[in-house]
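Following: one structure in structure tokens, then a few remarks.
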Amino acid sequence: MSLAALIDELNPQQKQAATTDAKHSLVLAGAGCGKTKTIVARAAYLIDQGVPANQIQILTFTRRAASEIVARVELALGEQAKGLRASTFHTFCMYLLRRIPKAFGLEQFSIIDRDDQLMMFRLIRGRDDKKNPNYLPKPQELCDLYSFARNTRQKLSIALEKQMPEYLALKDQIADIMKEYEARKKARSFLDYDDILAVVAAALAQSDGLVEYVSSICRHMLVDEMQDTNPLQWALLEPLKEHISLFCVGDDAQSIYGFRGADFENIHHFKERVPDAQIFKLEKNYRSTQEILDLSNWLLDQSEIKYDKRLDAHRGEGIKPKMHIFPNEFDEAKWIAIDIKERHYLNGNKWSDHMVLVRSSFAARHIEAACIAANVPYRFIGGMKLLETAHVKDLLSLLRVVANPLDDIAWMRFLTLWNGVGDVGASKLSQQLLAEPEMEKIADKLEKFGKIPLETILIMKQMAVLKTEVQACVTLAIQAIENQLAENYKKDWNRRQGDFELVKQLASKHAQVSEFLEEYVLDPVSISEIERQSDIDVVTLITIHSAKGTEQKVCYVANVTPGQYPHARAQGSFDDVEEERRVLYVALTRAQDELILTKQNLNHWARETVDEQGRKVESYFMNDLTRNLCTMETHYKTRQQTVKSALIERQSINLDFGIDLD
DNA sequence: CCGGACAGTTTTTTT
DNA sequence: AACTGTCCGG
């Protein structure tokens, strides 16, 4: 209840930071040193000092971090936090764009996601001529390059040189494509993810009035994970710094978003950019035992970069990390599942005490399969989002064209669903449809086109009338394309079909189709989030990037194998290898009590090498790992689940056979 | 020329 | 699961 109590819980360093009178502050905090706690306490302190909660804005980089903070703030401050905003940079900018669109020269606009961008780049770039292939970058590469240049606020030529020098010769052609992309975006009033920030940044740079307005609603900006912010995001903060107070928290050793232009210069040069800033350091780690930190510190020490970091455990000593080595990824995954299972049934640990960290969603597949096979309940975070799966996007494309017949990107997707319609036909027809945005006329043209069933066209007419009955609209849309989708996805149609129920559920919460569509462009809910809304007891399977800021008693870091850390594709680039090191560092520092690493490859040990220019190439971070830091165990064949744990599992299942006594 | 079927390959990370 | 390349039929 009391804010003072919250502040009393802080250690002296944290307290000093949270209660500073300095206008601007930078808090450098190692992993597990209470970064989030300090931010929450800072908010509490400000409120206690009389700052209205609605003038405090907490900014984070990912949605996960934002919701984490919201939860912590609500838990700690309760009613008093009412009005306090915590959101991602994107959500914050959207709030401004929606609230005062005129200040940005906008009227109507819609947000497009990456798939839409890819479609646009695909259309502009054109197909490859088989006989005479042009070597233009692929749509994906164009999209990434464009985004990278914008997030780092660099010229195309420089971004090109850094990201894909092999295309430097085609710079002019690439520039033309991007020019065309921007023209098309503008003509359709589309904003892509980067525009959301760029539009606001540009307006802030030009308009003192806007700066004043934003300053008046956010007197205090508390920025979390500062090391992940990129130059574009800094461009949002910079114009405000004279008028508001910045409280930025970060850790350069946890910067793992270089691919999105994150730049820890934002931390390293903070003092030069904000000369009157006070710097605080939090160095006591409250999360882990010293053994876990020793290994993490060791990993950073191996680097040529001076991270100047030595995490020190407040909790003292505990269990030494352990490395398990397997012949292949299947045995590795199976062992993890069984190990968790035994901890649950034999030691009585909760499922939710365990977290399995993986590099990529792809890498999670094996673990998922093993968990399913072993009956281990889990949820996967960082995976496919429901509203990003192909079949749901197909469905949404129909809703989109009905809500806005001028959305030719959605038309493209919708039209290509049908047999006999490819990119070219769809593109031609969609251009014709733009000329007649009346549903009646559109229906006529679709009928003449002859490749779409009459029934579907009829349903579309009905939908156009029903825009406010969101759930009915979605139900109709499903009817309209169900047969075709069943054919398109015949292999796993059964699995996909189930997702439409979830879409209906989500849709029912909205009053307008357009509102429903917009809400989830920026925040596509993940499937397991919907399925397991209640916090039931499950193991967490998570990508390292999603795991930042979280912690768990027992952490498994899977696939710590040569060629993975650093990933083979990063070899040879010093910056990329260092980012890989930080990714692994983030993974290691999630563990509270026990850290378990697993890897494959019994015999192949890549050694350190030197590249053509004589620079050191890191081939595997764990090469020189010693047994003082980490014990190792080699498994030559799969461990079988012990008879005892199998028995206990059966018993506990039997317990559930009774009637519901409630 | 277009689209579709099939086979083989290749998966980072997020807004 | 998504992307790529190739071949074939309209």
Side-chain angles (χ1 to χ4, degrees), chain A residues 59-66 87-94 111-118 122 127-131 133 138-141 143-144 147-148 150-151 191-198 225 228-230 232-233 236 254-262 357-366 368 381-385 387-391 393 415-428 451 487-492 495-496 520-524 526 542-548 559 563-570 576 579-580 582-584 586-587:
Chain A
L59 284 176
T60 65
F61 185 66
T62 63
R63 299 187 306 256
R64 246 198 107 57
S87 50
T88 63
F89 278 87
H90 286 82
T91 315
F92 171 67
C93 289
M94 273 307 288
I111 306 298
I112 55 172
D113 69 4
R114 192 180 141 85
D115 267 14
D116 298 327
Q117 293 188 62
L118 288 176
R122 205 165 100 208
R127 298 172 139 246
D128 274 337
D129 187 346
K130 265 165 243 145
K131 299 264 152 47
K138 315 220 163 63
Q140 238 188 71
E141 296 174 301
C143 196
D144 289 344
S147 181
F148 184 81
R150 302 191 71 197
N151 278 292
L191 297 187
D192 61 32
Y193 286 147
D194 302 327
D195 288 321
I196 296 172
L197 305 189
E225 308 283 10
D228 290 330
T229 59
N230 58 42
L232 178 56
Q233 286 160 334
L236 288 166
Q254 293 186 68
S255 172
I256 55 174
Y257 282 93
F259 66 96
R260 264 191 67 185
L357 295 128
V358 292
R359 189 59 222 276
S360 60
S361 335
F362 173 65
R365 299 199 93 86
H366 292 298
E368 265 192 285
I381 296 174
M384 204 50 178
K385 306 291 191 291
L387 290 104
E388 283 171 350
T389 54
H391 54 295
K393 292 205 114 182
L415 293 173
T416 47
L417 289 179
W418 307 95
N419 292 337
V421 189
D423 268 9
V424 180
S427 162
K428 271 188 206 145
K451 310 228 162 142
E487 199 184 324
N488 294 356
Y489 297 109
K490 45 189 167 237
K491 287 209 175 67
D492 44 20
R495 178 180 62 76
R496 289 170 184 265
Y520 295 106
V521 184
L522 279 176
D523 193 0
S526 88
I542 192 167
T543 62
I544 297 173
H545 281 79
S546 304
K548 198 145 63 160
N559 206 8
Q564 292 295 316
Y565 295 93
H567 195 277
R569 80 180 70 244
D576 289 355
E579 179 146 324
E580 294 284 307
R582 295 189 295 265
V583 169
L584 185 54
V586 168

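In what follows, chains are A, B, ... by sequence order, proteins preceding strands, each numbered from 1.
- In terms of phosphate contacts, A/Ser361 brings a side-chain nitrogen or oxygen within less than 4.0 Å of OP1 or OP2 of B/dT13.
- Counting only distance, with no hydrogens or angles, the side chain of A/Glu579 and the backbone of A/Gly258 share a donor-acceptor pair below 3.5 Å.
- Counting only heavy atoms from C-beta on, A/Ser360 has its side chain closest to B/dT12 among B/dT11, B/dG4, B/dT12.
- Here B/dT14 is the nucleotide among C/dT4, B/dT14, B/dT11 with the atom lying nearest to any side-chain atom of A/Thr62.
- Distance CD (A/Gln564) to P (B/dT10): 15 Å, rounded to an integer number of Å.
- As a whole-Å value, the separation of A/Phe92 CZ from B/dT15 C1' is 16 Å.
- A/Asp576 places its CG atom 15 Å from the P atom of B/dT13, with the value rounded to the nearest Å.
- A side-chain donor-acceptor contact under 3.5 Å links A/Asn230 to the backbone of A/Gln233.
- B/dT12 and C/dG5: their P atoms are spaced 16 Å apart (whole Å).
- Closest to the side chain of A/Asn419, from the set C/dA2, B/dG4, B/dT14, is B/dG4.
- Looking at heavy-atom distances under 4.0 Å, A/Gly258 makes no contact with the nucleic acid at all.
- The nearest whole Å value for the distance from the CZ atom in A/Phe362 to the P atom in C/dA1 is 12 Å.
- Closest to the A/Phe259 side chain, of the nucleotides B/dT15, C/dT4, B/dT14, is B/dT14.
- Distance from the side chain of A/Gln140 is smallest to C/dC3 among B/dT13, C/dC3, B/dT14.
- Contacts of A/His567 with the nucleic acid, taken as non-hydrogen atoms under 4.0 Å apart, are absent.
- The nearest whole Å value for the distance from the CD1 atom in A/Ile544 to the C1' atom in B/dT13 is 9 Å.
- In this structure, A/Lys548 places its NZ atom 14 Å from C1' of B/dT15, rounding to the nearest Å.
- Phosphate contact (OP1/OP2 of B/dT14, side-chain N/O of A/Ser546, threshold under 4.0 Å): present.
- Across all strands shown, A/Phe61 has heavy atoms under 4.0 Å from sugar-phosphate atoms exclusively, and none from any base.
- What separates NZ of A/Lys138 from P of B/dT10 is a distance of 11 Å, to the nearest Å.
- Between the CG atom of A/Asp144 and the P atom of B/dT14 there is a distance of 13 Å, rounded to whole Å.
- No engagement by A/Val583 is indicated, since no non-hydrogen atom pair under 4.0 Å with the nucleic acid exists.
- Checked against B/dT11, C/dA2, B/dT15, the side chain of A/Ala390 finds its nearest nucleotide in C/dA2.
- Under the side chain to side chain donor-acceptor pair (under 3.5 Å) criterion, A/Thr91 pairs with A/Thr88, not counting sequence neighbours.
- The A/Arg365 side chain lies nearest to C/dA1 when the options are B/dT15, B/dT14, C/dA1.
- The 12-atom threshold is not exceeded at CZ of A/Arg365, counting heavy atoms of other residues, nucleotides or ligands nearer than 6.0 Å.
- In terms of modelled atom types and a separation under 3.5 Å, the side chain of A/Lys548 and the main chain of A/Gln254 share a donor-acceptor contact.
- The ring-ring contact (aromatic ring centres under 6.0 Å, His included) check on A/His545 picks up A/Tyr257, A/Phe259, with sequence neighbours excluded.
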